Amino acid sequence: MRPKLVFEMLRAAYGPQHWWPGDSPFEVIVGAVLTQNTAWANVEKAIANLKKARLLTPSRMAKAPLAKIRRAIKPSGYYNQKSRRVKAIASYLAKHYGDDLTGFLGQPACALKHEVESWKGVGPETRDSILLYAAGKPVFVVDAYTVRAANRAGLTKKRAYRDVQEFFESSLPRNARLLNEFHALFVRLGRECCAKKKPRCGECPLRKPCLRTGLPR
DNA sequence: GGCCAGGTCAAAG
DNA sequence: CTTTGACATGGC
């Protein structure tokens, strides 16, 4: 099946997903780190705490005591390492760009990518999420759901990030709006019917292939 | 109580 | 270069 058809099937089944929830690019960047291997509901609590503590600008977070950040993001888990990482990112941004990230995000995608992936705690998925959802660059974001769903549906055989990403990007327009929606739809698909142990293929928009290949991967 | 969640890093093999 | 363990909370 072609990526474009997959997109249309998911879009028809689920409709617009309105990603990424967030009031500012910095909030999206912080959220991208906090959501690593963590349920979004927990991240929402952490973000709300950060807002209440007025910590959601690079300069304010950079100046805040680590313990204060740690306390605020506690619900999102891994708070010891995540608090250090988001604070380091805030310090970097505050130092080089201040609180207005327009210039930072407006760079060519390639330059922005190299800058973002140099941050500790930012791997391939978080990097691409920042590029797509904070900067609006046309990148296909791969996550665990995407790999699992794409494998089960027989779209891809490889599991490496780059391999899956290339499969999708190679035959899709470089359109940020489309890629934004596509990744969000894959996460929805993952939550609804590609659970690790008990997939619910009966409600899956890609039902047929999912039934064929069956279980975890 | 066990499994899972919008992963990443450092240390081994 | 690929695999493994640690990191932590909250909902079902």
Side-chain angles (χ1 to χ4, degrees), chain A residues 6-7 10 14 16-22 25-50 66-89 92 113-137 139-152 157-165 168 176 178-200 203-204 215-217:
Chain A
V6 175
F7 174 77
L10 294 176
Y14 296 137
Q17 300 299 302
H18 308 295
W19 270 33
W20 182 301
F26 185 64
E27 183 180 327
V28 173
I29 292 170
V30 171
V33 172
L34 297 186
T35 198
Q36 290 166 0
N37 204 40
T38 300
W40 181 252
N42 288 356
V43 179
E44 287 184 314
K45 293 172 189 168
I47 299 269
N49 291 340
L50 288 171
L66 189 59
K68 190 172 180 182
I69 300 172
R70 186 166 46 215
R71 206 177 331 142
I73 70 167
K74 192 168 182 183
S76 67
Y78 305 123
Y79 49 80
N80 283 309
Q81 47 181 30
K82 283 177 179 175
S83 57
R84 291 173 193 284
R85 289 170 181 178
V86 294
K87 179 167 180 175
I89 290 169
Y92 177 92
K113 177 174 165 179
H114 286 307
E115 198 165 349
V116 166
E117 71 188 0
S118 73
W119 298 342
K120 179 168 296 191
V122 175
E125 180 183 342
T126 307
R127 172 200 66 202
D128 289 343
S129 293
I130 292 171
L131 257 66
L132 180 60
Y133 292 106
K137 306 297 184 189
V139 179
F140 184 88
V141 180
V142 176
D143 70 337
Y145 284 136
T146 310
V147 176
R148 194 157 65 225
N151 274 271
R152 281 188 191 167
K157 306 214 168 191
K158 310 225 174 159
R159 311 200 52 185
Y161 189 97
R162 194 67 192 124
D163 292 326
V164 177
Q165 185 176 48
F168 284 100
L178 170 72
L179 297 170
N180 176 325
E181 214 44 43
F182 207 161
H183 174 65
L185 286 166
F186 254 114
V187 173
R188 176 80 182 271
L189 172 69
R191 279 202 294 248
E192 306 252 327
C193 60
C194 286
K196 272 185 185 168
K197 298 190 76 173
K198 34 183 285 192
R200 311 182 56 186
E203 300 170 26
C204 177
L215 283 182
R217 282 212 191 182

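Because the structure is a prediction, the values reported are computed rather than measured. A note on names: the letters A, B, ... follow the listed sequences, proteins ahead of strands, and every chain is numbered from 1.
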Just how far, in rounded Å, is [atom2] of [N] from [atom1] of [X]?
{"X": "A/Lys158", "N": "C/dC1", "atom1": "NZ", "atom2": "C1'", "result": "15 Å"}
{"X": "A/Trp119", "N": "B/dG7", "atom1": "CH2", "atom2": "P", "result": "19 Å"}
{"X": "A/Glu192", "N": "B/dG6", "atom1": "CD", "atom2": "C1'", "result": "14 Å"}
{"X": "A/Tyr79", "N": "B/dA5", "atom1": "OH", "atom2": "P", "result": "22 Å"}
{"X": "A/Asp143", "N": "B/dG6", "atom1": "CG", "atom2": "P", "result": "8 Å"}
{"X": "A/Glu125", "N": "B/dA5", "atom1": "CD", "atom2": "P", "result": "12 Å"}
{"X": "A/Trp40", "N": "B/dG7", "atom1": "CH2", "atom2": "P", "result": "12 Å"}
{"X": "A/Gln36", "N": "C/dA8", "atom1": "CD", "atom2": "C1'", "result": "13 Å"}

Any base atoms under 4.0 Å from [X], or only sugar-phosphate, or nothing? Heavy atoms, all strands.
{"X": "A/Thr126", "value": "sugar-phosphate"}
{"X": "A/Val122", "value": "sugar-phosphate"}
{"X": "A/Ala144", "value": "sugar-phosphate"}
{"X": "A/Arg85", "value": "sugar-phosphate"}

> With nearest nucleotides of DNA chain C determined for A/Gln81 and A/Lys45 from heavy-atom distances, which residue corresponds to the more 5′ nucleotide?
Replying inline: A/Gln81
> Using centres under 5.5 Å plus planes under 30 degrees as the test, is A/Tyr145 stacked with B/dG6?
Replying inline: no
>> For the base of B/dG7 and the side-chain ring of A/Tyr161, does the geometry meet a stacking cutoff of under 5.5 Å between centres and under 30° between planes?
In response: no
> If you find the nucleotide of DNA chain B closest to A/Glu117 and the one closest to A/Thr38, which residue's nucleotide is nearer the 5' end?
Replying inline: A/Thr38
Between [X] and [N], is there a side-chain N or O to OP1/OP2 distance below 4.0 Å?
{"X": "A/Arg148", "N": "B/dG6", "value": "no"}
{"X": "A/Lys120", "N": "B/dA10", "value": "yes"}
{"X": "A/Tyr78", "N": "C/dA6", "value": "no"}
{"X": "A/Lys197", "N": "B/dG2", "value": "no"}
{"X": "A/Asn80", "N": "C/dA8", "value": "yes"}

Nearest 0.5 Å, please: how far is [atom2] in [Y] from [atom1] in [X]?
{"X": "A/Leu189", "Y": "A/Phe182", "atom1": "CG", "atom2": "CZ", "answer": "9.5 Å"}
{"X": "A/Leu179", "Y": "A/Leu131", "atom1": "CG", "atom2": "CG", "answer": "11.5 Å"}
{"X": "A/Glu44", "Y": "A/Asn42", "atom1": "CD", "atom2": "CG", "answer": "9.5 Å"}

> What's the shortest heavy-atom distance between A/Lys82 and A/Gly77, and which atoms?
Replying inline: CD-O, 3.3 Å
> What are the two closest non-hydrogen atoms of A/Val142 and A/Tyr161, and how far apart are they?
Replying inline: O-CE1, 3.1 Å
>> As a test of reading the structure: which of B/dA5, C/dT9, B/dG6 is closest to the side chain of A/Thr35, going by heavy atoms?
In response: B/dG6
> How are the rings of A/Trp19 and A/His183 set to each other: parallel, tilted or perpendicular (split at 30° and 60°)?
Replying inline: perpendicular
> When rounded to the nearest Å, what value does the distance between P atoms of C/dA8 and B/dA10 take?
Replying inline: 15 Å
> For atom P, what is the distance between C/dC7 and B/dG6, given to the nearest Å?
Replying inline: 22 Å
